[in-house]
Amino acid sequence: MIETPPAEGSADDSLVQEAPQSALARGIRILQCFTTAEYDLSGKDLVERSGLPKATAFRLIGTLRALGLVHYSERRGKYMLAPGVLSLASPLLASMTIRSIARPLMQEFADHAQGQVTLASSTDDERLVFIEAIQGRGNSVSRPELGTSVSLSKSSTGRAFLTLLPQARLAEAVREILRQHPERAEWLEQKLASTREELATLGYCRNQGELHRNTIGVAVPVQRLIDDRRFVFGCTVPAYRLLDEPTLLSDLGMRLATLVDAVQTALGNPRR
């Protein structure tokens, strides 16, 4: 059954009349209901997932529509994020000088690796999201969407990021991972230990199919904060290539570490 959205009144009527801080937090809660897996949601979905009262949720949805951040599809009978959301992200991406410096180096490396090279950035709540993803010639690895969260436990990029965190923040991040996946406790402890050892001895850490059994890769963290953010570079290739290239991960890891050194030097922030 197609859901009919609430009628839109005047511009003044469409704006939520609440305390600004409360309305902002609730509006963001609505936007956060959408994911790459579920990019269109009904009004009922948004009410249930946001945990907001129905009347409040629909007032907020009306405001977000008026601001061009949410779109209602008559054909689907569902709500979707609108292109206006992208305009909020473009100033942030433009401010990240590391992206413009790294992009040509990432493209050259991705072509050599015949894989995917990514750059991830930390958020204030200690999540990690992709801010760049470069595809090499012949790459068959699926590309993550920009803004997608990185798995902190099952990816080499995520584990490299965890090693950068101060002890208190690391403990908090691990507690959150184990809250959702308590069965990973011993495994994660071992993986973090091996990640630290690899970074100390090799300069990169490895992913050998922990996230997706058909992919392998390497990651190298940027060792210092840049504009108060932490960054991690990663490279992913198909796992079957190890059959013909047993030293593939070593080659990719050393080349990625060299790329990160070059980026940090260009930023005036050498690795060591």
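We're numbering straight along the sequence, starting at 1. This is a predicted model, so every value here is computed, not measured.
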Cluster overlap V141 with L146, hydrophobic side-chain contacts below 4.5 Å: no
hydrophobic_cluster_shared for L86 and L64, side chain cutoff 4.5 Å: no
S87 side-chain N/O to P83 backbone N/O, donor-acceptor pair under 3.5 Å: no
More than 12 heavy atoms of other groups within 6.0 Å of E197 CD: no
Passing option when L60 is tested against L24, L52, V70 for side-chain contact (heavy atoms from CB on, under 4.5 Å): L52
From CA spacing to verdict: side-chain contact (heavy atoms from CB on, under 4.5 Å), R49, Q32: CA-CA 9 Å; R49 297 183 186 200; Q32 290 175 330; over 6 Å; no
Any side-chain donor near an acceptor of the partner, S122 and R229, under 3.5 Å: no
Rounded distance (nearest 0.5 Å) linking atom CZ of F233 with atom CG of L105: 8.5 Å
Chi angles and distances behind the side-chain contact (heavy atoms from CB on, under 4.5 Å) call for L128, T123: CA-CA 6 Å; L128 194 65; T123 64; over 6 Å; no
Nearest non-hydrogen partners of V232 and A160, listed with the distance: CG1-CB, 4.0 Å
Contacts under 3.5 angstrom, residues 213-221 side chains, donor-acceptor by atom type, not counting sequence neighbours:
from, atom 1, to, atom 2, distance (Å)
T215, OG1, H212, O, 3.2

Worked verdict on R184 versus S153 for side-chain hydrogen bond (donor to acceptor under 3.5 Å, both in side chains): CA-CA 9 Å; R184 294 185 191 173; S153 63; 2.6 Å; yes
Candidate pair R206 and Y204, rule side-chain contact (heavy atoms from CB on, under 4.5 Å), full reasoning: CA-CA 7 Å; R206 295 173 290 188; Y204 61 88; 3.9 Å; yes
CD/Q208: more than 12 non-hydrogen atoms of other groups inside 6.0 Å: yes
Pairs satisfying salt bridge (charged side-chain N to carboxylate O under 4.0 Å, His left out), at least one member in residues 151-168, at least two apart: R159-E210
Residues, nucleotides or ligands: over 12 heavy atoms within 6.0 Å of Q180 CD: yes
Within 6.0 Å of CD in E186, more than 12 heavy atoms from elsewhere: no
Cluster link L249 to L256, ILVMFWY, side chain under 4.5 Å: yes
Full working for side-chain hydrogen bond (donor to acceptor under 3.5 Å, both in side chains) between R127 and S149: CA-CA 7 Å; R127 290 184 300 112; S149 292; 3.1 Å; yes
From NZ (K54) to CZ (R59), nearest 0.5 Å: 13.0 Å
Minimum heavy-atom distance between I226 and F231, given as atom pair plus value: O-CE1, 3.5 Å
Pair listing, salt bridge (charged side-chain N to carboxylate O under 4.0 Å, His left out) test, anchored in residues 246-257, at least two apart: D251-R255
Closest heavy-atom pair and its distance - V47, A57: CG2-CB, 3.8 Å
Gap between atom CG of L162 and atom NZ of K191 - 0.5 Å precision: 13.5 Å
Distance in Å, D228 CG paired with D124 CG, rounded so as to fall on 0.5 Å steps: 8.5 Å
Taking every non-hydrogen atom, the tightest pair across T97 and S100: O-OG, 2.9 Å
Connected via hydrophobic side-chain network under 4.5 Å: L248 and L243: no
Check against side-chain contact (heavy atoms from CB on, under 4.5 Å), L192 and V174: CA-CA 10 Å; L192 285 177; V174 169; 4.2 Å; yes
Nearest non-hydrogen partners of C235 and F109, listed with the distance: CB-CE2, 3.8 Å
Residues clustered with M80, ILVMFWY side-chain links under 4.5 angstrom: Y39
Check: D45 main-chain N/O paired with S42 side-chain donor or acceptor under 3.5 Å: yes
Modelled atom types, side-chain donor and acceptor of D261 and T258, under 3.5 Å: no
Heavy-atom pair of closest approach, residues L164 and V222: CD1-O, 3.8 Å
Hydrophobic cluster identity match, W187 and L178, side-chain contacts under 4.5 Å: yes
Note: R169-E172 ion pair, threshold 4.0 Å (strictly below): no
side-chain hydrogen bond (donor to acceptor under 3.5 Å, both in side chains) involving S50 - partner list, sequence neighbours excluded: none
Tell me which donor-acceptor pairs under 3.5 Å the side chains of residues 129-137 have, and how far apart each pair is, sequence neighbours excluded?
from, atom 1, to, atom 2, distance (Å)
E132, OE2, R99, NH2, 3.1
E132, OE2, R103, NE, 2.9
E132, OE2, R103, NH2, 3.1
Q135, OE1, N139, ND2, 2.5
Q135, NE2, Q116, OE1, 3.4
R137, NH1, D111, OD2, 3.3

